[in-house]
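Down below is the structure, laid out as structure tokens.
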Amino acid sequence: MFKPFFEGLLSQAREKASSDPRFVGLLAGGSLMTGTLDEFSDLDLIVVYDAAYREEILEERLHYAKSLGPLLSAFTGEHVGEPRLLICLYDFKGRLLHVDLKFVSVPELADRMEDPVILWERSGEVKKVLLDTTCHSENVDIQWMEDRFWVWIHYCATKLGRGELFEVIDSLAFIRSSVLGPLIQVKNGKLPRGVRRLEQLNSQTVIRLKDTIPAHTPKSCYRAIKEAIKIYRELRQDYPELEPRLDAEDKVVPYLDRVYESFAL
């Protein structure tokens with residue numbers, strides 16, 4: 001039932017791209033590429049243009065977005081490190097659709113994290129770039145995580161001690177999306193994309209992850225931090241190349257315990 005909902009915008013996107021000689025291709029990534037599209041999916045579209053028109057395309061990309069349908073709001077993706085991205089929300093007869101429009105030149109297409117589906121191209125140059133180059137696999141950097149994890153746990157402990165429980169709750173959400181989620185995804189043969197679709201995994205670790213979501217009480221926050229530590233310690237065992245920051249770990253965990261004990265008095 002949701003396919004016509006998406007197809008209307010996709011048809012418009014193809015038509016508008018093909019009618020502008022500056023555009024050379026329209027590609028799709030994400031759930032449309034993987035065949036996991038459902039009624040709650042976003043559309044991830046890549047608009048490929050002739051590099052000679054870079055400046056004017058980036059200046060006029062909002063016009064392209066508006067031409068696809070009833071645009072409610074749009075903004076660029078600097079907050080996710082991708083200024084070429086235009087994040088859009090459309091209203092199609094009362095149904096809301098989130099669309100990510102990424103504008104890239106033909107040469108930039110070679111530097112990519114996945115192999116998108118070609119929805120339309122003007123000639124064969126887009127396909128040639130995809131065939132001649134290889135996408136960069138998304139991998140977790142376990143050393144990057146280890147170098148930071150115990151500092152983040154110490155931060156949680158200090159906020160717990162001060163009674164800033166909302167900050168503890170937010171910090172644990174960050175740890176789930178930046179560390180625990182990606183590690184669980186990789187362990188289950190998935191791409192390390194935070195906590196996306198974690199509920200669909202048949203994993204005991206995912207069930208335990210719920211215990212890292214605290215209520216707004218000191219006791220609940222403390223227990224959630226301790227569970228996050230326990231899960232992380234188990235997950236990092238899959239990486240024998242890791243250089244553990246034992247000095248930090250051996251100091252931070254007892255500090256967390258002392259903070260809670262003094263807070264509970």
Side-chain angles (χ1 to χ4, degrees), residues 1-50 53-106 108-109 112-123 125-127 129-130 135 138 173 177 181 185 190-191 193-201:
M1 292 186 58
F2 55 86
K3 288 185 178 179
F5 175 49
F6 293 111
E7 188 54 42
L9 184 135
L10 291 174
S11 297
Q12 193 72 350
R14 283 189 290 260
E15 179 184 337
K16 295 299 181 180
S18 61
S19 63
D20 189 328
R22 299 174 300 176
F23 294 127
V24 298
L26 180 68
L27 315 178
S31 54
L32 187 60
M33 175 194 69
T34 59
T36 57
L37 193 71
D38 61 32
E39 63 178 308
F40 301 108
S41 294
D42 303 339
L43 283 183
D44 297 293
L45 301 181
I46 302 168
V47 186
V48 187
Y49 60 88
D50 185 328
Y53 302 100
R54 175 181 175 80
E55 295 302 323
E56 59 185 80
I57 289 294
L58 294 182
E59 288 179 4
E60 299 173 13
R61 55 189 162 169
L62 184 58
H63 296 301
Y64 177 77
K66 289 179 177 179
S67 73
L68 304 188
L71 182 65
L72 295 176
S73 184
F75 56 93
T76 51
E78 285 86 357
H79 66 291
V80 291
E82 185 49 88
R84 299 173 299 177
L85 185 66
L86 193 63
I87 301 168
C88 307
L89 181 65
Y90 292 90
D91 179 3
F92 288 92
K93 297 182 179 180
R95 299 194 65 178
L96 301 180
L97 178 58
H98 176 129
V99 181
D100 289 339
L101 295 172
K102 186 175 180 179
F103 294 80
V104 303
S105 66
V106 176
E108 288 174 331
L109 189 58
R112 62 190 187 279
M113 299 299 293
E114 59 187 9
D115 286 325
V117 174
I118 299 176
L119 301 178
W120 164 84
E121 67 170 322
R122 193 171 300 283
S123 63
E125 63 179 322
V126 170
K127 183 178 181 179
V129 171
L130 295 180
C135 64
E138 292 184 69
S177 65
Q185 298 273 26
K190 306 294 183 180
L191 293 174
R193 295 183 174 175
V195 294
R196 293 285 304 276
R197 299 180 184 266
L198 269 185
E199 288 84 354
Q200 298 177 14
L201 298 178

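Position 1 is the first residue of the sequence, and the numbers go up from there. What you see is a predicted model, and the numbers here were worked out from it, not measured in a lab.
- A pairwise comparison of heavy atoms in Ser31 and Asp44 identifies N-OD2, 4.4 Å as the closest pair.
- Put simply, OG on Ser67 and CD on Glu60 are 11.5 Å apart, with the number rounded to the nearest 0.5 Å.
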>> Run the salt bridge (Lys or Arg N to Asp or Glu O under 4.0 Å) test on Arg193 and Glu114 for me, step by step, so that the C-alpha distance in whole Å, both residues' side-chain angles and the decisive distance to 0.1 Å come before the verdict.
In response: CA-CA 13 Å; Arg193 295 183 174 175; Glu114 59 187 9; 3.3 Å; yes
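- Distance OH/Tyr64 to CD/Gln12: 9.0 Å, rounded to 0.5 Å.
- The two atoms that bring Cys135 and Met113 nearest to each other are CB-C, 3.9 Å, heavy atoms only.
- Partner of Val24 under the side-chain contact (heavy atoms from CB on, under 4.5 Å) criterion, out of Val47, Leu109, Val48: Val48 alone.
- Using a 4.0 Å cut-off between charged side-chain N and carboxylate O, Glu121 and Arg14 make no salt bridge.
- Pairing each heavy atom of Arg122 with each of Asp20, the nearest pair is NH2-O, 2.8 Å.
- Distance check, rounded to the nearest 0.5 Å: CD1 of Ile87 to CG of Leu89 gives 11.0 Å.
- Between Met33 and Asp115, the closest heavy-atom pair is SD-O, 3.0 Å.
- At a threshold of 4.0 Å, the pair Glu108-Lys102 does not count as salt-bridged, since none of the basic side-chain nitrogens sits closer than that to a carboxylate oxygen.
- In this structure, NZ on Lys16 lies 8.5 Å from CG on Leu68, to the nearest 0.5 angstrom.
- A distance-only check finds no donor-acceptor pair linking the side chain of Ser11 to the backbone of Gly8 [under 3.5 Å].
- The backbone N or O of Leu130 sits less than 3.5 Å from a side-chain atom of Arg112, completing a donor-acceptor pair.
- The two atoms that bring Pro83 and Glu78 nearest to each other are CB-OE2, 3.9 Å, heavy atoms only.
- The closest side-chain heavy-atom distance from Leu43 to Leu10 is below 4.5 Å.
- Residue Leu45 is tested with Leu27, Leu86, Asp100, Leu9 for a side-chain contact (heavy atoms from CB on, under 4.5 Å); the sole match is Leu9.
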> Could you go step by step and tell me if Asp42 and Val99 meet the side-chain contact (heavy atoms from CB on, under 4.5 Å) rule?
Replying inline: CA-CA 6 Å; Asp42 303 339; Val99 181; over 6 Å; no
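- To the nearest 0.5 Å, atom SG of residue Cys88 and atom CG of residue Leu72 are 10.5 Å apart.
- Not less than 6.0 angstrom separates the ring centroid of Tyr53 from the ring centroid of Phe23.
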> Can you check side-chain contact (heavy atoms from CB on, under 4.5 Å) on Leu96 and Tyr90, steps first, answer last?
Replying inline: CA-CA 6 Å; Leu96 301 180; Tyr90 292 90; over 6 Å; no
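- Side-chain atoms of Arg61 do not come within 3.5 Å of backbone N or O of Phe103 as any donor-acceptor pair.
- Contact between Leu119 and Ala28 at its shortest, heavy atoms only, is CD1-CB, 3.8 Å.
- When side chains are defined from C-beta on, Leu62 counts as touching Leu71, because their heavy atoms get closer than 4.5 Å.
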>> Using side-chain contact (heavy atoms from CB on, under 4.5 Å), reason through Leu85 and Leu101 one step at a time and then give a plain yes or no.
In response: CA-CA 6 Å; Leu85 185 66; Leu101 295 172; 5.9 Å; no
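- Between atom CZ of residue Phe6 and atom CD of residue Glu39 there is a gap of 8.5 Å, rounded to the nearest 0.5 Å.
- For the pairing with Arg54, the side-chain contact (heavy atoms from CB on, under 4.5 Å) check across Ile57, Leu58, Asp50 returns one residue only, Leu58.
- Lys190 has its side chain out of reach of Arg197: every pair of non-hydrogen atoms, C-beta onward, lies at least 4.5 Å apart.
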